[in-house]
Amino acid sequence: MSRRTPTLALLALAVGAFGIGTTEFVMMGLLPDVADDLGISIPSAGHLVSAYALGVVIGAPLLAAATARMSRRKLLIGLMALFVAGNALSAFAPTYDYLLAARFLSGLPHGAFFGVGAVVATTMVAPERKARSVSLMFLGLTVANVVGVPVATAMGQQLGWRATFLGVSVIGVAAIAALALLIPQTRTEAPVAGLRGELAALRSLPVWLALGTTVAGFGALFSAYSYITPMLTDSAGYKDSSVTVLLALFGVGATIGNLLGGRLADHAMRRTLFGGLVSLIAVLAAFPLLMTTTWTAALAVVLLGAAAFVTGTPLNLMVMERASTAPSLASSANQAAFNLANAGGAWVGGLALAAGFGVTSPALVGAGLAVLGLGVAGVAYVVDRRGTTPSVGRERLVASHVPSRAEKVHH
């Protein structure tokens, strides 16, 4: 395989991630338009966000397990085809109920695509570059927050919300073409373990500790990020019209954190995870102070994205590493955990607001969740030190899949 091929293959995965990230987050900005067009309330329109998240949580482990013997290349193309179908149906949904079902369908392939894509990304590079390869795939997701979501939101506001989902469908078709052309068949055969082996690999305490770290760590992020708009307007003094730009700054921070986390994790995965969680605790704890002026509030938004997404690649690789015979299912399950963190973090942060603790109180709740995540990661470290996990994987992922005959010949 040429040196250029892995880069192009990772680009194909990133295009798919860009489309998925765009459709996941764009609904937040289109809620008023959808509500007006379908004659429903804003809270009812908000259920469209929940329907997508529910699709991710259910679809991630279910599709990964059910397709355990499929070629990963064919599976990625099939998952993206399902994604296109869900968004096209969303564009033409005649009623709220149809749109709700279409959003659920759109969410089903999300977790499995990222889970299988992460495994494919690690098979195409040298062991010392596995973390960076995963971070490059996830770059599509973070860039979606910088470019995709603002552009798709503006398109929806100017041309109607249905045009947005048609546009996302086009991105999905482009991703299918890129995957078909650029993902090599020889590196993506079906794993030997099969469904039974994949499920058996999840009966592991280290795997569940890694998933628990994801729930707590990213729950900390979403506890604050779900209420970032009132913090920026009510506490920092920004106008509503400035919030979109500031949310793009969060995407910039997330992109920086994602790339930094991938590079650092290739050298010291555990220390990168601990450092990211400690940084997240510090940023969230400082939010009440940072949200008192406009410039420090803007800095806080960037730092929040960077600190949170430094941990993304190490967490994903850690889950794959601890379920080395079932990396696709484990990585997909980690995406489900991420979406549980989204819902759970928003709920816990909302409790603090409802209790009257102030507009920045969700950030302090998030700091507490990040402390919990650091504690779970510490327990996982102790378990590893006692020999539950093979020592070869303590600092970086060396083998995240069962090599095929073709891969052995290649190496």
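Quick note: residue numbers are just sequence positions, from 1.
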Exercise. Give the intermediate values and the outcome of ring-ring contact (aromatic ring centres under 6.0 Å, His included) for residues Phe287 and Tyr227.
Key: CA-CA 12 Å; Phe287 248 57; Tyr227 305 99; over 10 Å; no

Quiz item: With a cut-off of 6.0 Å (strictly less than), are more than 12 heavy atoms of other residues, nucleotides or ligands near CZ of Arg263?
Solution: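 Open.
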
Quiz prompt | Pair Tyr52 and His110, ring centroids less than 6.0 Å apart | solution = yes

Quiz item: Using 30° and 60° as the class limits, which term best fits the ring planes of Tyr225 and Phe250: parallel, tilted or perpendicular?
Solution: parallel

Exercise. Evaluate the side-chain proximity of Leu89 to Tyr98: yes if any heavy-atom separation is below 4.5 Å, no if none is.
Key: no

Self-check item: Side chain proximity check, Asp37 to Trp161, heavy atoms < 4.5 angstrom
Solution: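 The answer is yes, as the side chains (C-beta and beyond) meet within the 4.5 Å cut-off.
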
If I take atom [atom1] from residue [X] and atom [atom2] from residue [Y], how far apart are they, to the nearest 0.5 angstrom?
X      : Y      : atom1 : atom2 : result
Thr294 : Tyr238 : OG1   : OH    : 4.5 Å
Leu79  : Met70  : CG    : CE    : 7.5 Å
Leu304 : Leu249 : CG    : CG    : 12.0 Å
Leu277 : Leu369 : CG    : CG    : 11.5 Å

Can you see which heavy atom on [X] is nearest to which on [Y], and at what distance?
X      : Y      : answer
Ala112 : Ala64  : CB-N, 4.4 Å
Leu284 : Ala220 : CD1-O, 3.8 Å
Phe114 : Ala17  : CE2-CB, 3.4 Å
Gly111 : Ala60  : CA-CB, 3.8 Å
Glu24  : Leu141 : OE1-CD1, 4.3 Å
Asn316 : Ala118 : ND2-CB, 3.4 Å

Quiz item: With sequence neighbours left out, what residues match Phe222 under ring pair (Phe, Tyr, Trp, His ring centres under 6.0 Å)?
Solution: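 So Phe222 forms a ring pair (Phe, Tyr, Trp, His ring centres under 6.0 Å) with Phe338.
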
Self-check item: Side-chain donor-acceptor contact under 3.5 Å, Ser135 with Asn258
Solution: no

Quiz item: Under the 3.5 angstrom rule, does the side chain of Asp33 hit a backbone N or O of Gln157 as a donor-acceptor pair?
Solution: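 Absent.
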
Quiz item: Do side-chain atoms of Thr122 reach the backbone of Val119 as a donor and acceptor pair under 3.5 angstrom?
Solution: yes

Exercise. Kindly state each residue pair satisfying side chain to side chain donor-acceptor pair (under 3.5 Å) with at least one member in residues 338-354, sequence neighbours excluded.
Key: none

